[in-house]
Each structure stands twice: as structure tokens, then as C-alpha cells.
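In what follows, every chain begins at residue 1, and chains take the letters A, B, ... in the order their sequences are listed. Side chains included, hydrogens not; waters and symmetry mates left out as well; all remaining heavy atoms used.
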Protein chains: 2
Amino acid sequence: MREAVTRVPVIRVGSDGSEVRFDDEVTVEGSYLLVVNGNPMEKVVVSPFALREWTVGHLFCAGSISGAREIMSFDERDGRIEVEAAPSPGTEVEPPSAAWTVTPEMIHGGARWIAEAPRYNRTGGFHAAALLSVTGERLALFEDISRHNALDKAIGWGLISEMDLGRTMAIQSGRLPRDMVAKAAAAGIPLLGSVSAPTDAGIALAKEAGITLVGFIREKRMNIYSFPERIKG
Amino acid sequence: MREAVTRVPVIRVGSDGSEVRFDDEVTVEGSYLLVVNGNPMEKVVVSPFALREWTVGHLFCAGSISGAREIMSFDERDGRIEVEAAPSPGTEVEPPSAAWTVTPEMIHGGARWIAEAPRYNRTGGFHAAALLSVTGERLALFEDISRHNALDKAIGWGLISEMDLGRTMAIQSGRLPRDMVAKAAAAGIPLLGSVSAPTDAGIALAKEAGITLVGFIREKRMNIYSFPERIKG
């Protein structure tokens with residue numbers, strides 16, 4: 001596995017005309033060919049770590065597998081991610097129910113966790129996605145150059161760990177367009193939050209899919225776009 | 001053409017337990033099927049404005065056309081963008097030369113311009129890409145839900161306007177991975193800057209392609225990753 005961060009020479013120019021030369025850390029783009037059962041599926045750019053979690057989450061959210069157990073083998077080398085998958089008949093993901101509530105403070109706790117994401121803090125070039133339990137427990141935090149991949153990794157981790165994703169919430173750093181909400185819907189995660197903005201189509205899908213969508217999570221407040229009954233002070 | 005911004009009901013929850021209900025503006029996702037000479041090429045999500053600029057820039061950066069004049073007709077309706085293109089034998093884009101320099105202040109001026117981008121300021125859900133001349137003149141500013149599309153729109157505008165893109169710089173709001181640098185390289189734009197971070201592969205391509213890459217443009221400073229000789233106090 002490659003390093004996720006590398007050092008490059010930089011010239012920092014100040015408005016006073018000063019020039020400082022130093023080495024700074026930047027995000028590494030991992031380029032992979034995803035091969036499923038011998039068939040090249042797609043070329044992808046993924047931060048080169050947690051690739052097993054990414055693969056499971058990505059294939060699951062795309063509807064290619066219905067669980068982590070269907071991945072019979074996983075191999076990553078030389079820019080190829082090769083898996084053998086034995087798709088089962090598939091189990092329907094339960095549509096999210098509102099049998100639990102969380103406090104705004106638990107959601108703020110998720111946002112604080114992603115703000116602490118180590119690689120983001122080193123480079124400014126990562127997105128982060130965190131899974132928390134509905135009691136606010138920190139379960140897993142994943143970073144990636146892509147917000148889509150970060151959420152795929154978190155979902156993949158949940159599937160591999162055989163978590164009940166219906167009793168988790170995902171908090172992430174990027175915007176909330178439809179394709180991000182679709183991942184939460186595919187995984188049956190009932191609450192998706194972000195420090196950033198949603199789109200109209202993201203909100204519309206959250207309403208259809210029974211997902212509580214939360215945007216602009218700031219230190220003192222947050223915006224709720226759908227199913228606010230899951231959030232109780 | 002659809003509106004780029006729409007209003008949605010929001011519940012804002014404060015940490016003091018307060019709840020405020022109001023309507024807020026969010027970004028609209030435009031979904032289109034791009035059809036070239038009758039062939040459906042790809043499904044795309046684009047903010048629904050400046051679609052002609054987007055189409056020209058997108059097809060140009062993908063190598064499908066070599067200039068705006070090759071688009072013989074353009075039609076956008078019912079979620080379809082249909083163009084007729086008559087590809088010419090193609091002209092090579094000149095590799096960027098360093099026959100001009102800009103000051104750090106001109107680059108800061110570009111960053112200030114994207115910070116003023118109106119739709120971003122209304123919704124927090126847009127990226128912006130600005131084209132400036134090498135004398136610091138503000139040429140064009142485009143916004144889009146996607147940083148890729150925003151740069152495609154700016155490049156498309158430059159092609160339609162028959163600008164000499166070799167004497168422009170592009171300043172944008174999103175990160176600088178390889179695929180963003182590749183657009184500048186395709187268009188022959190010699191300086192690409194962002195308020196955000198580059199990746200290792202973005203820097204490597206900038207070095208190969210002769211592009212001055214600038215990241216983390218802040219009020220008082222910026223980081224230069226390649227060809228610093230184009231920036232002179």
C-alpha cells in the first residue's frame with residue numbers, strides 16, 4: 001500500500017515579497033483499475049488506504065453486492081484492485097425507521113471528530129466521513145481525496161464489521177448532492193450530516209428515502225432539511 | 001433554462017435548543033444527457049446555466065473538439081443537451097511559454113473575485129472558476145455545483161470569445177487534482193491557482209505540462225508548486 005501523503009517542495013510567497021522555500025505535505029492520488037471476477041469495471045482515483053473498505057462500500061452502494069460476505073477474495077497490487085464476488089440473491093436494505101433519536105450535541109460531536117481528521121489537518125486535501133452510533137459513540141472515521149470514497153469506506157467498514165447501519169449516523173465534510181444521499185439510502189443509514197451545503201436533489205432524495213438530512217453543522221447550530229423528528233434536544 | 005438556486009424549508013437548531021423555521025436557498029442539480037451528433041455520450045450533473053459554455057469547454061477538454069467553431073448547433077431542452085459537432089483536423093494547443101509574468105497581487109485579485117461569487121455566497125454550494133488576463137484584468141467568472149464544470153465553463157467561454165488562453169490565468173475555488181490540471185493543460189492556460197490544496201498527481205502534471213500551479217491562496221500568501229518564474233513581485 002502506498003503512502004497517502006507525500007512531501008513536495010513549495011515556494012511560499014508573501015504579500016510583502018518574502019519567499020520561503022520548504023517541503024510541504026500533499027495528498028496522494030491512488031489510481032486503480034477495479035476488476036471484479038476478472039472483468040475490468042472502472043478506473044478510479046482513491047486515496048491509497050482502506051482499499052478493502054472502499055471496495056466493499058463502493059460495490060455495495062452501486063448495487064453490485066448486497067454485503068461484505070459476498071467478497072470471496074480481495075487483492076490489491078500494481079494499481080489493480082481485484083475481487084472475486086459471489087453475489088447472493090440479495091437482501092433488501094430496511095428503509096430507515098425513526099425508532100431512535102439523537103441530540104444536536106451528538107451531531108456536533110461527529111462534526112468535531114471529522115474536524116480532527118489527521119490527514120485533512122496535515123494537507124487540507126482530504127474529505128472525511130465518520131460513522132457514529134445513535135448514542136453518539138465514535139465508530140469509525142475514514143478520509144479520502146473524494147467525499148464519495150470517504151463515505152464508501154465508512155459504509156464498507158460498517159458492512160465488514162457487521163454493524164447495524166440502521167442504528168448509525170454518518171457525518172461528513174463535503175456537500176450533500178443526490179449521489180451522496182443515495183449512498184446513505186443504499187446502506188440504510190437514517191441520518192446523514194455535513195458541515196457543508198446540500199443540493200435540491202439531495203434534499204428531495206432524503207425526503208423520499210426517509211433520511212434525516214442535516215447541513216451546515218457549525219459550532220452552535222445546524223440546518224435540518226428532512227425528518228427533524230430524529231433530532232431531539 | 002432552470003433556476004440555479006431554489007428555496008427549501010429549513011429548521012435551524014441552535015445548541016441552546018432554539019428552533020427557527022425559515023426558507024433557505026440551495027443549489028439546484030441540473031441533470032442532462034449530453035448528445036453529440038445524435039449519439040448519447042454521457043449523463044451529467046451541471047448547474048443549469050452557461051450550458052453552452054460548459055458544453056464547449058467540456059468537449060474541448062475531453063479532446064472531442066478542437067475549438068468552439070466546430071459546434072454547428074446547440075440545443076438544450078427537456079434534460080437533453082444536443083450538439084452537432086463537425087470536428088476539424090484539429091490544431092495543437094501551444095504548450096505554455098513563460099513570456100509573461102504576473103504579480104502575487106494579481107493572483108490575490110483573482111481569489112478575491114471568486115470569493116465574491118454571488119451564487120456561492122447565497123448557498124455555500126457552488127464552486128467558482130475565474131479567468132483573468134496576465135495584466136490582472138477580470139475576464140469571466142463561472143459558478144457550478146462541480147469544480148470541474150466551473151472550469152469547463154470558463155474555458156468554454158474563452159474558446160467562444162476567441163481569447164488567447166495562453167495569456168490568461170485561471171483561479172478557482174476547489175482542490176487541484178490531476179484532472180483539474182489536465183483541463184488547464186488541454187486549454188493551454190499557463191497558470192492555475194486555487195484557494196485550496198493540490199494533490200501529488202496534480203503537481204506532477206503541472207511540472208510536465210509547463211503550468212504554474214498555485215495553491216492555498218490566502219489573504220497574505222500563496223504556495224507555488226511549479227514554474228515560479230511566472231510570478232514576480
Engineer: Relative to chain B, which of Val26(A), Ile11(A), Thr103(A) shows the most heavy atom pairs under 4.5 Å?
Structural biologist: Ile11(A)
Engineer: Identify the heavy atoms of Asn223(A) and Arg12(B) that sit nearest to each other, and give their distance.
Structural biologist: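 For Asn223(A) and Arg12(B), the tightest heavy-atom pair comes out as OD1-NE, 2.8 Å.
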Engineer: By a 4.5 Å heavy-atom criterion (distance strictly below it), what part of Ile203(A) contacts chain B: side chain, backbone, both, or neither?
Structural biologist: side chain
Engineer: In this structure, which one of His148(A), Arg147(A), His127(A) forms a side-chain contact (heavy atoms from CB on, under 4.5 Å) with Gln172(A)?
Structural biologist: Arg147(A)
Engineer: For Arg175(A), is it the side chain, the backbone, both or neither that has a heavy atom under 4.5 Å from a heavy atom of chain B?
Structural biologist: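 The side chain, not the backbone.
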Engineer: Please look at Arg178(A) and chain B and tell me whether the side chain, the backbone, both or neither of the residue comes under 4.5 angstrom of a heavy atom of that chain.
Structural biologist: both
Engineer: Below 4.5 Å from any heavy atom of chain B, which atoms of Val8(A) appear? Answer side chain, backbone, both or neither.
Structural biologist: side chain
Engineer: Is Phe126(A) in contact with chain B via its backbone, its side chain, both, or neither, using a 4.5 Å heavy-atom distance?
Structural biologist: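 Looking at Phe126(A), just its backbone touches chain B.
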Engineer: Would you mind checking which part of Glu29(A) comes under 4.5 Å of any heavy atom in chain B, side chain (CB onward), backbone (N, CA, C, O), both or neither?
Structural biologist: both
Engineer: Could you check whether any side-chain heavy atom of Thr212(B) comes within less than 4.5 Å of a side-chain heavy atom of Met169(B), counting everything from C-beta outward?
Structural biologist: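 No, too far: nothing below the 4.5 Å cut-off.
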Engineer: Just so I understand: if I count every heavy-atom pair under 4.5 Å between each of Glu105(A), Arg7(A), Glu19(A), Arg221(A) and chain B, which residue has the most?
Structural biologist: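 Counting heavy-atom pairs under 4.5 Å, the top option is Arg221(A).
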Engineer: Leu176(A), Val13(A), Val45(A), Val214(A): which one forms the most heavy-atom pairs within less than 4.5 Å of chain B?
Structural biologist: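 The candidate making the most pairs under 4.5 Å is Val13(A).
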Engineer: More than 12 heavy atoms of other residues, nucleotides or ligands under 6.0 Å from CZ of Arg167(B): is that the case?
Structural biologist: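 No, CZ of Arg167(B) has 12 or fewer neighbouring heavy atoms, counting only those of other groups under 6.0 Å.
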Engineer: Looking only at non-hydrogen atoms, find the nearest pair between Ile211(A) and Val181(A) and report the distance.
Structural biologist: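 Closest approach of Ile211(A) to Val181(A): CD1-O, 4.0 Å.
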Engineer: For residues Phe227(B) and Gly210(B), report the shortest heavy-atom separation together with the two atoms involved.
Structural biologist: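 Heavy atoms of Phe227(B) and Gly210(B) come nearest at CE1-CA, 3.4 Å.
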Engineer: Can you tell which part of Thr199(A) gets under 4.5 Å to a heavy atom of chain B, answering side chain, backbone, both or neither?
Structural biologist: both
Engineer: Sort Pro104(A) into side chain, backbone, both or neither according to what part of it lies under 4.5 angstrom from a heavy atom of chain B.
Structural biologist: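 Side chain of Pro104(A) only, per the 4.5 Å heavy-atom cut-off to chain B.
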Engineer: Among Gly215(A), Pro228(A), Ser226(A), Pro177(A), single out the residue with the greatest number of heavy-atom pairs under 4.5 Å to chain B.
Structural biologist: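 Looking at each of Gly215(A), Pro228(A), Ser226(A), Pro177(A) in turn, Pro177(A) comes out on top.
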Engineer: Just so I know, are the side chains of Asp152(B) and Cys61(B) near enough to count as touching, which here means a heavy-atom distance under 4.5 Å?
Structural biologist: yes
Engineer: In plain terms, say whether Glu116(B) and Arg138(B) are close enough for a salt bridge, that is, a side-chain N and a carboxylate O under 4.0 Å apart.
Structural biologist: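 Result for this pair is yes, salt bridge flagged.
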Engineer: Out of Thr27(A), Ile231(A), Ile107(A), Val20(A), return the one with the most heavy atom pairs under 4.5 angstrom to chain B.
Structural biologist: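 Heavy-atom pair counts peak at Thr27(A).
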Engineer: Apply side-chain contact (heavy atoms from CB on, under 4.5 Å) to Leu205(A) and Glu208(A), showing your working.
Structural biologist: CA-CA 5 Å; Leu205(A) 179 57; Glu208(A) 274 171 43; 3.8 Å; yes
Engineer: Counting only non-hydrogen atoms closer than 4.5 Å, does Ile145(A) touch chain B with its backbone (N, CA, C, O), its side chain (CB onward), both, or neither?
Structural biologist: both
Engineer: For each of Val5(B), Asp16(B), Val28(B), tally heavy-atom pairs with chain A at distances under 4.5 Å, and name the one with the top tally.
Structural biologist: Val28(B)
Engineer: Is there a donor-acceptor pair under 3.5 Å between the side chain of Arg230(A) and the backbone N or O of Pro190(A)?
Structural biologist: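 At least one qualifying donor-acceptor pair exists.
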Engineer: Between Gly125(B), Gly17(B), Gly233(B), Pro198(B), which residue shows the highest count of heavy-atom pairs closer than 4.5 Å to chain A?
Structural biologist: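 Ranked by contacts with chain A, first place is Gly125(B).
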Engineer: Among Ser196(B), Ala201(B), Ser31(B), Ser18(B), which residue has the highest count of heavy-atom pairs closer than 4.5 Å to chain A?
Structural biologist: Ala201(B)
Engineer: Side chain from CB out, backbone as N, CA, C, O: work out which of these in Asp24(A) comes under 4.5 Å of a heavy atom of chain B, or both, or neither.
Structural biologist: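 Side chain only.
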Engineer: Nearest heavy-atom pair of Asp144(B) and Val46(B): which atoms, and what distance?
Structural biologist: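 Heavy atoms of Asp144(B) and Val46(B) come nearest at OD2-CG1, 3.2 Å.
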